[in-house]
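A short write-up of the structure that comes next.
The first residue of the sequence shown is numbered 1, and numbering continues consecutively from there. Atoms considered below: every heavy atom in the structure, side chains included; atoms not considered: hydrogens, waters and symmetry mates. Just so you know, these numbers come straight off a predicted model, no measurement behind them.
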Amino acid sequence: MDWLVTFAKFLVNEILSEPAYLIGLITAVGLIALRKSAGQVIGGAIKATLGFLLIGAGSGIVVESLAPLGEMIQGATGAHGVIPTNEAIVGIAQAEYGSRVAWLMIVGFAVSLLLARFTPLRYVFLTGHHMLFMATLLTMVLATAGQSSVVVVLVGGVLLGIMLVAMPAFAHPWTKRVTGNNTVAIGHFGTAGYITAGAAGQLVGKRSKSTEEMNLPEGLRFLRDSMVATALSMLLIYLIMAVLFVIKVGEDAAFKAFAVDGGTAATDLGNYLMQSVMQGLQFGIAVAVILFGVRTILGELVPAFQGIARKVVPGAVPSLDAPIVFPYAQNAVLIGFICSFIGGLISLGLLTWIFEPAFGLALVLPGLVPHFFTGGAAGVYGNATGGRRGAAVGAFLNGVLITFLPALLLKVLGAFGDENTTFGDADFGWFGILVGNAAKAGEVGAVLLMLLVGAVVLAGAIVMQKRVVDTGWDPGARRDAVMPREEPADARGPADVEDGPRTYRKVAPPAGAPAPPPPPDQG
């Protein structure tokens, strides 16, 4: 049996947990189903894989550029506590639960394909690293509650499979509002934050203009370039925090902020400030690389997916990582990041002054990486339904969610709750809390309660799909009724997109974004 465990670990750790390989394989399968030539299959698969590697490269630059800033913020504010980092907590858990995580993930992916084939939830979840994260979370909460390995793998696998098809369905009305069509769904476990942001936009942004329609003075027209605006904003944030940090801790300690993760400490004050400038510029480059990778993937994966839709899962919709929505409202990404981070800071204050003394909750420091990716996506969702106010308020609420939910999640992680890190995105929080508490109800009772939680989520998603998604409900219809129908002067593509019985306004993608093909055949 050792060879089976070894093979399962290899399959999960080296292929299924690597989004680039998974996307390449899915693209190849789709092109084969379309009867493309061997050269087209190989070329399309490699190009899609390279697109995801571009996203990974950009994400790596983001992490590197944010690490010193995190040191500065923590040092300037004096806050100490848990920093949610999915990769860190997964790495810690793998040492103890590696084989169970591997089998749970395989079972969960198989269950998700069956559900996609035989239920109305035709979503195929392609974000491999988030599958691994959720599989690890479920393994941890079930194992620390004392459940057997069989229960961990089988029940956890069923729960994972349900989440892989359910969460894209819950968010899909708002996702269609963002993209203007039904060709892609969101496959990322920050979905609760995106739904919250979209709903908030509906409430507060009825007459608010889009973030992409900002009227800037002629001297500030250069800010319409998202790469320039992002780099300049991060440059200013970096400089402000660098100055506050050096005032608070002194030059000797402040200069070491750039030595984190193998970097080089600043040599003097001038070098310290210019390294801050460079990190802000690097952040702008990272966002540009991520956006290019997203466009590359869309250009290859969406057409190839029509083959899978027709041959394997009729009417299938690919569920992709959060940056897939970034090109549709690039200003909103930056606004979302900033507002989500502000929400995290305010929530940290509430934890410090009220909830930690009263309820013993951990202090959750705002992790810049989860706030950038989930906050940026939340900004896009909020903008789609509520313009600038929707982007700001929606992302702020996302920041609140990804601060309080990780603090509550630590209560069900057993010994892992004492680590200085935890899972960061919203869906890990609420789902882990529900399953973790259900898992403590003994043996038979726990299995029944956990399956009940899964059944409720699945039933809710099916109702959402049939009653809301399939009927063409548009969460931004009220806003369209009172906002001008004209697109900005440089908008590309039609203002109105037909998708089902309703017509709604599409947020114009930027120059270079590929035009999605028609939705795949439903039969």
Open item on the list: What verdict does the side chain to side chain contact (heavy atoms under 4.5 Å, CB included) test give for Q282 and Y238, after you've listed the backbone C-alpha separation in whole Å, the side-chain angles of each residue and the deciding distance to 0.1 Å?
Closed with: CA-CA 11 Å; Q282 290 282 359; Y238 240 112; over 6 Å; no
- [ ] For side-chain hydrogen bond (donor to acceptor under 3.5 Å, both in side chains), just list the numbers for H188 and T127, CA-CA rounded to whole Å, side-chain angles, deciding distance to a tenth of an Å, and then say yes or no.
- [x] CA-CA 7 Å; H188 188 271; T127 311; over 6 Å; no
TODO: Could you please spell out the steps behind the side chain to side chain contact (heavy atoms under 4.5 Å, CB included) verdict for Y328 and N383?
DONE: CA-CA 10 Å; Y328 292 95; N383 175 69; over 6 Å; no
Task: side chain to side chain contact (heavy atoms under 4.5 Å, CB included) between L409 and F423, intermediate numbers included - done: CA-CA 8 Å; L409 177 64; F423 294 90; 4.0 Å; yes
TODO: For side chain to side chain contact (heavy atoms under 4.5 Å, CB included), just list the numbers for I346 and I342, CA-CA rounded to whole Å, side-chain angles, deciding distance to a tenth of an Å, and then say yes or no.
DONE: CA-CA 6 Å; I346 293 175; I342 292 172; 4.0 Å; yes
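No option in Y381, W174, F373 other than Y381 meets the ring pair (Phe, Tyr, Trp, His ring centres under 6.0 Å) test with Y194.
Counting heavy atoms from C-beta outward, L137 and M140 have side chains that stay 4.5 Å or more apart. By the 4.5 Å heavy-atom criterion applied to side chains, F189 and F125 are counted as neighbours. Within the 4.5 Å cutoff, side-chain heavy atoms of L451 are placed close to those of V447. Counting only heavy atoms from C-beta outward, the side chains of L458 and I462 approach each other to under 4.5 Å. Here the side chains of L50 and L53 are in contact, with some heavy-atom distance below 4.5 Å. Between P168 and V317 there is no side-chain heavy-atom pair separated by less than 4.5 Å. Side-chain contact check for N437 versus K411: every heavy-atom pair is 4.5 Å or farther apart. In this structure, V107 and L104 have side chains that are not in contact, with every pair of non-hydrogen atoms separated by 4.5 Å or more.
Atom CD1 of I433 is separated from atom CG of L405 by 5.5 Å, given to the nearest 0.5 angstrom. From L235, atom CG reaches atom CD of Q279 across 11.0 Å, with rounding to the nearest 0.5 Å. Taken to the nearest 0.5 Å, the CG atom of L160 stands 10.0 Å off from the CZ atom of F109. Within the model, atoms OG1 of T191 and CG of D427 stand 4.5 Å from one another, a figure rounded to the nearest 0.5 Å. Note that CE of M163 is 5.0 Å distant from CZ of F431, once rounded to the nearest 0.5 Å. A distance of 11.5 Å separates CG in L397 from CD1 in I402, rounded to the nearest 0.5 Å.
Heavy atoms from other residues, nucleotides or ligands lying under 6.0 Å from NZ of K47 number 12 at most.
Across A392 and C339, no two heavy atoms sit closer than the pair O-CB, 3.5 Å. When all heavy atoms are compared, the tightest approach of G156 to L142 is N-CD2, 4.1 Å. Considering all non-hydrogen atoms of both residues, A378 and G193 come closest at CB-O, 4.3 Å. Contact detail for I186 and D321: the closest heavy-atom pair is CD1-O, 4.0 Å. Taking all atoms of both residues into account, the shortest heavy-atom contact from G394 to A200 is CA-CB, 4.1 Å. Looking at every heavy atom in both residues, G424 comes nearest to N86 through N-OD1, 2.8 Å.
The backbone N or O of S149 sits nowhere less than 3.5 Å from a side-chain atom of R100 that would complete a donor-acceptor pair. Between the side chain of R122 and the main chain of A116, a donor-acceptor pair closer than 3.5 Å is present. No donor-acceptor pair closer than 3.5 Å links the side chain of Q147 to the backbone N or O of V141.
Classified by interplanar angle (parallel below 30°, tilted 30° to 60°, perpendicular above 60°), the ring pair F283/F337 is parallel.
If you check the side chains of T374 and N398, you find a donor sitting under 3.5 Å from an acceptor. In summary, the side chains of Y123 and S112 do not present any donor paired with an acceptor at a separation below 3.5 Å, with no hydrogens or angles considered.
Taking F170 as the reference, nothing meets the ring pair (Phe, Tyr, Trp, His ring centres under 6.0 Å) condition, with sequence neighbours excluded.
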